[in-house]
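Every chain is numbered from 1, with letters handed out A, B, ... down the list of sequences. Below, each value reflects all heavy atoms present in this structure, side chains not excepted, and no hydrogens, waters or symmetry copies.
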Amino acid sequence: MGIVQRGMRSILLSRRARFVCEARRLVCPSPYRLLHCGGNHQQKDKFLITTPIFYVNSVPHLGHLYSAVLADTIHRWQQLKGAGGSIFSTGTDEHGLKIQQAAVAHGKDPQQFCDEVSTHFRDLFSMSHVGHTDFIRTTESRHRTAVEHFWRKLQSAGYIYQGKYEGWYSTSDEAFVPDNKVMDSVDKTTGKSIKVSIETGSQVEWMKEENYMFRLSEFGPRLLKWLDSNPRAVYPDKYRTLVRGWLGEGLEDLSVSRQRDRLPWGIPVPDDPTQTIYVWLDALVNYLTVCGYPDNHHAHWPADCHVVGKDIVRFHAVYWPAFLMAAGLDPPRSVVTHSHWLMESQKMSKSKGNVVDPFDRIQRYSADGLRYFLLKHGVLEADGDYSDEKVVKVLNADLAGNIGGLLNRCLATSLNPTQTFPAFSANTFPVHPGRQSNSLATEEDYKLLKTLQELPGSVDQHYENFHIYKVLEETMLCVKQANGFVHRHKPWKLGNTPQDQEWASTILHVAMETLRVSGILLQPVMPNLMSGLLSRLGVEETERSWSDAEDVPCVKGREAPYVGRTLGTNRGVLFQRLQKKN
RNA sequence: GGCGGCGUAGCUCAGCUGGUCAGAGCGGGGAUCUCAUAAGUCCCAGGUCGGAGGUUCGAGUCCUCCCGCCGCCA
């Protein structure tokens, strides 16, 4: 099942937009048009989404988790819609001087050190229900093979040349620093005058060496074309504008290697053991490695979506597409950039002691709870503001109260003595409002059904736009309307006449349909919680796809196949109300 | 200093292409209910739409200047 099959709902396809690729007459999603349709390779037909690979010099933090959760949510959404064979990759970037130094400081071999810290990332993602299909580490041999091949590709195409660099270099940042970003300072230990990077404060020293350069300066026009021909190339617009500004200022060639005697922990330049490949080039190629580069990547490449934090957008939206173009490959279809998380309006920092520990918060609020908060309060464009008070409030209102309350209401034996999925009566609630003697439904009730019917379409659009907070707001509002519907008709007050029983059953049916549809649509955000909810409703595993959410039988005058089915046996609250802490 | 983005209720946002000078969710206050997780339902308060000018019959929405925040470049 892939993108291009006729009749299939294609990946990332909005309802209204279809675009036919002229070269091959393929149906492609409108936001992600193929830039280069020619060639004799297999065409891409499988979805690829990635997070960055995370540096293992430190334990994972909330920002890492947010990247992973965002990517996971979009990946799950795609899977709900039928994207088979997709790749969602994440992993760890394990090369570089800082890694080597951190290992030495811990009295460990670098490889051993990386093994341990990488496990922390794995653990966090596992605990957070991040369903990556691949966890790559840059120390893997498949990655080295990919990087070496990629390097040779760039070299043989003439985009790498040997150059001499003379200027300031920061060892701790592993970066060359331009003159204008250097300032005078004093070494506090020795009192001697030194120079430091204005940006990071690290000491820099004058350095002259030979290394390899990449002809980045030649790619400005092509990068601009990529950016301007695809509104999603860099998304949202705030970052696209930022990148266009960089391109407008001109690009300088990029140093892509370091002398090996200074940076031994990395991949050697092929055929030149005196140089090590620059860690960012090394790291970025991971996105190809996970696809099977250099020989088996065609089904997944180009990437549909790289999810990245705003601090690394330059690497992903300037260097990476340029590298790819130089290697004769398509750039990514979309680089989705998100902002950071503050702690009560302040930047998180170890020195302030206000860093949020995601492991701790998962313990407190559950993984799905933390995911819900991050996705409800996070917006791509703006820094999120974390606060435990906010977490507790939103989880109590939405999960414990709204959706959890409706679920328990519907499943309680007092309203649902048979503990089965109740029937819908078209007598009491006709498909169309109008004169019908037995109809008990009001105009407000028809509005609810209409909202429920339209929910999958609008939510689909919101997912596509990464407006997860709108997904949540709109879905929770629909659930609230269902609570109001139940309250309005008070089935607990109805009598024992056949008509009353029919109507009571219908009321419960609609409420539970709202839960079923909402539960399906919210699986990407809260996989475990919604799985539990759907199981309690008696929804089979095979009935939880996007098309099942789109299909509300009672609206169409059909009986639902699950009517009469025994409900799940799990009892208790869906989401335990949280107490305010501290 | 130059360029770019932003500034709408306590919080998060909608209000895009000028037209009932303003909405939603959450939070807050009040009332009510007790089928259900002390859940639900109803009502209310909260806004100089950063400030000052301008264009227009009419501006949150367009223009100018200023203030503040963020980012990039120098």
Under 3.5 Å for both donor-acceptor distances, Watson-Crick or wobble: does B/C49 have a partner, and if so which one?
none
Can you list the residues that meet the salt bridge (Lys or Arg N to Asp or Glu O under 4.0 Å) rule with A/E454, with sequence neighbours excluded?
A/K450
Paired nucleotide for B/G7 [Watson-Crick or G-U wobble; both distances under 3.5 Å]:
B/C67
Which whole-number value in Å describes the distance from A/L395 CG to B/A39 P?
14 Å
Is there a residue in residues 483-490 of chain A whose heavy atoms reach under 4.0 Å of RNA chain B, and which residues are they?
A/N483, A/G484, A/H487
Does any nucleotide pair with B/U12 by Watson-Crick or G-U wobble geometry, both distances under 3.5 Å, and what is it?
B/A24
State, to 0.1 Å, how close A/R536 and A/V573 come at their nearest heavy-atom pair, and which atoms those are.
NH1-C, 4.0 Å
Considering only heavy side-chain atoms of A/W492, the closest of B/C35, B/C26, B/G5 is B/C35
Could you check whether A/A400 gets within reach of a base, just the sugar-phosphate, or nothing at all, counting any heavy atom under 4.0 Å?
base
Proximal nucleotide (of B/C13, B/U37, B/G25) relative to the A/L477 side chain
B/G25
Assuming nearest nucleotide by heavy-atom distance, tell me which of A/L407 and A/Y469 is located more 5' along RNA chain B.
A/Y469
Nearest heavy-atom approach of A/P527 to A/H129 is CG-CB, 4.1 Å
Once the angle between the rings of A/H467 and A/H462 is folded into 0 to 90°, is it parallel (under 30°), tilted (30 to 60°) or perpendicular (over 60°)?
tilted
Candidates B/A24, B/G71, B/C35 - which lies nearest the side chain of A/K347
B/G71
Parallel, tilted or perpendicular: ring planes of A/W77 versus A/W546, cut at 30 and 60 degrees
perpendicular
Return the pairing partner of B/G40 with a 3.5 Å limit on both distances, Watson-Crick or G-U wobble; otherwise return none.
B/U32
Between A/V379 and A/V479, who's closer to the 5' end of RNA chain B by nearest nucleotide?
A/V379
note: A/R240, atom CZ; B/G4, atom P; distance rounded to Å ~ 16 Å
Distance between P atoms of B/U64 and B/G71 (Å, rounded)
25 Å
Given atom CD of A/E473 and atom C1' of B/G27, what is their separation to the nearest angstrom?
13 Å
Over all heavy atoms of both residues, which pair between A/R544 and A/L80 is shortest? Give the atoms and the distance, please.
O-CD2, 3.1 Å
Which nucleotide sits closest to the side chain of A/S414: B/A14, B/A36, B/U37?
B/A36
So what's B/G1 paired with, Watson-Crick or G-U wobble, going by both distances under 3.5 Å?
B/C73
If you measure from the P atom in B/C21 to the same atom in B/C33, how many Å do you get, rounded?
38 Å
Torsion-based syn/anti label for B/G47, 90° from 0 as limit:
anti
What is the nucleic acid contact for A/N402, judged by heavy atoms within less than 4.0 Å: base, sugar-phosphate only, or nothing?
sugar-phosphate
Rounded distance in Å between the P positions of B/C69 and B/A24
32 Å
Under 4.0 Å, heavy atoms only, any strand: does A/K310 hit a base, just the sugar-phosphate, or nothing?
nothing
Please determine whether a side-chain nitrogen of the Lys or Arg among A/E513 and A/R516 lies less than 4.0 Å from a carboxylate oxygen of the Asp or Glu.
yes
When the P atoms of B/G50 and B/A36 are considered, how many whole Å apart are they?
49 Å
Does the plane of the ring in A/H306 sit parallel, tilted or perpendicular to the ring in A/W320? Use 30° and 60° as the thresholds.
tilted
Inter-nucleotide P distance (B/G15, B/G23), Å rounded
15 Å
A/D500 CG - B/C35 C1' separation (whole Å):
15 Å
For A/F485 and A/I507 the tightest heavy-atom approach is CE2-O, 3.6 Å
Can you tell me how far C1' in B/A39 sits from the matching atom in B/G58, rounded to whole Å?
48 Å
May I ask you to establish whether A/R232 and A/Y235 are in a cation-pi arrangement, using a distance under 6.0 Å from NZ or CZ to the six-membered ring centre and at most 45° from the ring axis?
yes
Once the angle between the rings of A/F214 and A/F219 is folded into 0 to 90°, is it parallel (under 30°), tilted (30 to 60°) or perpendicular (over 60°)?
parallel
Round to a whole Å and report the spacing from CG of A/D398 to P of B/U37.
20 Å
Atom CE of A/M476 and atom P of B/C13: how far apart are they, to the nearest Å?
18 Å
How long is the line joining CD of A/Q501 and C1' of B/C35, in whole Å?
13 Å
How are the rings of A/H61 and A/H64 set relative to one another: parallel (under 30°), tilted (30 to 60°) or perpendicular (over 60°)?
parallel
Take the protein atom CD1 of A/I507 and the nucleotide atom C1' of B/A36, then report the distance between them rounded to whole Å.
14 Å
Rounded to whole angstrom, note down the C1' distance from B/C11 over to B/G47.
14 Å
For residues 242-252 of chain A, which residues have at least one heavy atom under 4.0 Å from RNA chain B?
A/L242, A/W246, A/E249
With rounding to the closest Å, how many angstrom separate the P atoms on B/U8 and B/U41?
29 Å
Which is true for A/K493 with a 4.0 Å heavy-atom rule: it touches a base, it touches only sugar-phosphate, or it touches nothing?
nothing
Using Watson-Crick or G-U wobble geometry with both distances under 3.5 Å, which nucleotide pairs with B/U55?
none
